[in-house]
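Heads up: numbering here begins at 1 and tracks the sequence. Small disclaimer: the values here were computed from a predicted structure and weren't measured.
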Amino acid sequence: ANDNNFMLISPVTHCGIGGESEKTLVGERDVGDARYDYITLFTDWFDYWLKGTKNTILEKPKVQLFTMGDNAWRAYDEWPINNTDFVRYYLNSKGDANSSAGTGKLQKTPPAKTSSDTFVYDPGHPVRSPYYSGAFGGFGAHDQAELELRHDVLVYSSAILKDDVNVTGPIEVQLYVSSDAKDTDFTVKLVDVYPDGTAYNLHDSIQRARYREGYDKSVLMEKDQIYKITVGPLVTSNVFKKGHRIRVEIASSRF
């Protein structure tokens, strides 16, 4: 079994395969023609293992995934992809990254001078999930512009990209936080911002502060102390196109 693990990642909702349209919507985001012959893949797999049919199913690439932005299927032999260039980005602001109207920046160079960003989290008025459309909360990408107007959402955006940036693989976020509460949550969202300002969510995650040292123990916070919080795992395959921005949002709720 170890030699016969394969990964197929497509830009569709759960069990949302078999579409015949040349236009695939991931929530509200158009990712072009993402059709794939899933049925043949599935039947060839079961025919090989259950019927002994000699086909080429085991000759498929180990990893097949759909890269959004470029809107194309890609094939690789391993995951994470060999020779992946892991790049560190830094959060920076003038101390007021609150909302998309703030000064939050996402940059590759370490800030020469850092300021703390502060927000007030009210559990009675939480930030809603990015998947806010549809009867069950919706799926896929939706414009986050309205949520980014909230003062309890920190927004960090890159400069307008001069070249395409391909982000394919795992993402880890490290935050340094302090709270006047003994425990709270921290959420991180990765967003692709289009030239017209439309901000599509790509992935998000949440970490409860008391479990920052592992889920096998609970360690509460103390006031005025700074703690390192690792939020993840996040993962995507998205090309941030020239003229777009890379954005990270931070809050304390995902309701």
Is Lys182 atom NZ crowded by more than 12 heavy atoms from other residues, nucleotides or ligands, each under 6.0 Å away? no
Do any N or O atoms from the side chain of Asn71 and from the backbone of Gly69 form a donor-acceptor pair under 3.5 angstrom? yes
Leu91 and Leu175, any side-chain heavy atoms less than 4.5 Å apart: yes
I want to check something: taking the side chain as every heavy atom from C-beta on, are Gln174 and Glu172 in contact at a cut-off of under 4.5 Å? yes
Around Asp196, counting heavy atoms of other residues, nucleotides and ligands shown, do more than 12 lie under 6.0 Å from its CG? yes
Without swapping roles, check the side chain of Ser205 against the backbone of Gly232 for a donor-acceptor pair under 3.5 Å. yes
Hey, does Asn55 have a side-chain heavy atom less than 4.5 Å from the side chain of Asp47? yes
Under 3.5 Å, is there a donor-acceptor pair between the Arg247 and Ser157 side chains? yes
Identify the two heavy atoms, one from Ser93 and one from Gly104, that lie closest to each other, and give their separation to 0.1 Å. CB-CA, 3.9 Å
Checking Asp185 against Arg208 for the salt bridge (charged side-chain N to carboxylate O under 4.0 Å, His left out) test, could you report, in this order, the C-alpha distance in whole Å, the side-chain angles of both residues, the deciding distance, and whether it holds? CA-CA 4 Å; Asp185 296 325; Arg208 180 146 295 174; 2.7 Å; yes
Between Asp204 and Arg254, does any NZ, NE, NH1 or NH2 come within less than 4.0 Å of an OD or OE carboxylate oxygen? yes
Start with the C-alpha distance between Phe240 and Leu202, add both sets of side-chain angles, then the distance that settles side chain to side chain contact (heavy atoms under 4.5 Å, CB included), and finish with yes or no. CA-CA 11 Å; Phe240 294 84; Leu202 295 173; 3.4 Å; yes
Arg210 vs Val219 side-chain heavy atoms within contact, under 4.5 Å: no
Heavy-atom count around Phe46 CZ within 6.0 Å, excluding the residue itself: above 12? no
ring-ring contact (aromatic ring centres under 6.0 Å, His included) with Trp73: which residues, sequence neighbours excluded? Tyr36, Phe66
Contact summary for Arg150 and Pro126, nearest pair of heavy atoms: NH1-O, 3.2 Å
Side chain proximity check, Arg128 to Glu146, heavy atoms < 4.5 angstrom: yes
Smallest heavy-atom separation, Thr184 atom then Ser179 atom, equals CG2-OG, 4.3 Å
Closest heavy-atom pair and its distance - Ser100, Leu149: OG-CD2, 3.9 Å
For the pair Thr24 (side chain) and Val31 (backbone), establish whether a donor and an acceptor sit closer than 3.5 Å, ignoring hydrogens and angles. no
Mind checking whether Trp79 and Val167 sit in one hydrophobic cluster, side chains of I, L, V, M, F, W, Y counted as touching below 4.5 Å? no
Show your working on side chain to side chain contact (heavy atoms under 4.5 Å, CB included) between Lys108 and Arg88 and close with a plain yes or no. CA-CA 6 Å; Lys108 290 184 179 179; Arg88 185 183 298 272; over 6 Å; no
Is the backbone of Phe86 close enough, under 3.5 Å, to the side chain of Thr84 for a donor and an acceptor to pair up by distance? no
Quick one: does any side-chain atom of Asp183 pair with a main-chain N or O of Leu220 as donor and acceptor, under 3.5 Å? no
Of all pairs that satisfy salt bridge (Lys or Arg N to Asp or Glu O under 4.0 Å), the ones with a partner from residues 111-125, not counting sequence neighbours: none
Under the ring-ring contact (aromatic ring centres under 6.0 Å, His included) test, which residues partner Tyr211, sequence neighbours left out? Tyr215
Asn2 atom CG: more than 12 heavy-atom contacts under 6.0 Å: no
Does Ile206 belong to the same Ile/Leu/Val/Met/Phe/Trp/Tyr cluster as Phe255, with side-chain heavy atoms less than 4.5 Å apart forming each link? no
Is the closest side-chain donor-acceptor distance between Ser10 and Tyr38 under 3.5 Å? yes
I need the minimum non-hydrogen distance between Leu161 and Lys241, along with the two atoms involved. CD1-O, 3.9 Å
CD1 of Ile250 to CG of Asp152, rounded to nearest 0.5 Å, is 13.0 Å
Using the rule that two of Ile, Leu, Val, Met, Phe, Trp, Tyr join whenever any of their side-chain heavy atoms come within less than 4.5 Å, decide whether Val12 and Leu8 are in one cluster. yes
Tell me whether Val248 shares a hydrophobic cluster with Phe186, the cluster being built from Ile, Leu, Val, Met, Phe, Trp, Tyr side chains joined at under 4.5 Å. yes
Across all chains, not counting sequence neighbours, the ring-ring contact (aromatic ring centres under 6.0 Å, His included) partners of Trp45 are Phe6, Trp49
Side chains of Leu154 and Asn98: does their closest heavy-atom pair fall under 4.5 Å? yes
Among residues two or more places apart or on two chains, list those pairs meeting ring pair (Phe, Tyr, Trp, His ring centres under 6.0 Å) that have a residue in residues 97-126. none
Enter the distance from Asn166:CG to Asp70:CG here, rounded to the nearest 0.5 Å. 6.5 Å
Val87 backbone acceptor or donor facing Asp85 side chain under 3.5 Å: no
Within the 3.5 Å criterion, strictly below it, is a donor on Thr103 or Asp96 matched to an acceptor on the partner's side chain? yes
Under 4.5 Å between any side-chain heavy atoms of Glu28 and Tyr200, yes or no? yes
Same apolar cluster: Leu65 and Leu234, side chain cutoff 4.5 Å: no
Output side-chain donor-acceptor pairs under 3.5 Å for residues 187-195, partner residues at least two apart or in another chain, one line each.
{"residue": "Thr187", "atom": "OG1", "partner": "Ala251", "partner atom": "N", "Å": "3.3"}
{"residue": "Thr187", "atom": "OG1", "partner": "Ala251", "partner atom": "O", "Å": "3.4"}
{"residue": "Lys189", "atom": "NZ", "partner": "Gln144", "partner atom": "OE1", "Å": "2.7"}
{"residue": "Lys189", "atom": "NZ", "partner": "Glu249", "partner atom": "OE1", "Å": "2.9"}
{"residue": "Asp192", "atom": "OD1", "partner": "His244", "partner atom": "ND1", "Å": "2.9"}
{"residue": "Asp192", "atom": "OD2", "partner": "Arg29", "partner atom": "NH2", "Å": "3.3"}
{"residue": "Asp192", "atom": "OD2", "partner": "Asn238", "partner atom": "ND2", "Å": "3.1"}
{"residue": "Tyr194", "atom": "OH", "partner": "Arg29", "partner atom": "NE", "Å": "2.9"}
{"residue": "Tyr194", "atom": "OH", "partner": "Arg29", "partner atom": "NH2", "Å": "3.4"}

Around Asp30, counting heavy atoms of other residues, nucleotides and ligands shown, do more than 12 lie under 6.0 Å from its CG? yes
Please test Ser237 against Thr67 for side-chain hydrogen bond (donor to acceptor under 3.5 Å, both in side chains), starting from the C-alpha separation and ending with a verdict. CA-CA 5 Å; Ser237 182; Thr67 299; 2.8 Å; yes
Does Arg212 count as lying over the ring of Tyr227, i.e. NZ or CZ under 6.0 Å from the six-ring centre, within 45 degrees of the axis? yes
Looking at every heavy atom in both Asn92 and Tyr156, which two are closest together, and how far apart are they? O-CD2, 3.5 Å
May I ask you to check whether over 12 heavy atoms, not counting those of Ile226, lie within 6.0 Å of atom CD1? no
Donor-acceptor pair, distance only, cut-off 3.5 Å: does the side chain of Asp143 make one with the backbone of Ala145? yes
Heavy-atom side-chain proximity of Tyr76 to Arg74 below 4.5 angstrom: yes
For side chain to side chain contact (heavy atoms under 4.5 Å, CB included), just list the numbers for Ile9 and Gln64, CA-CA rounded to whole Å, side-chain angles, deciding distance to a tenth of an Å, and then say yes or no. CA-CA 6 Å; Ile9 304 180; Gln64 297 179 74; over 6 Å; no
Side chain to side chain contact (heavy atoms under 4.5 Å, CB included) evaluation trace for His203 with Val235: CA-CA 7 Å; His203 204 181; Val235 66; 4.1 Å; yes
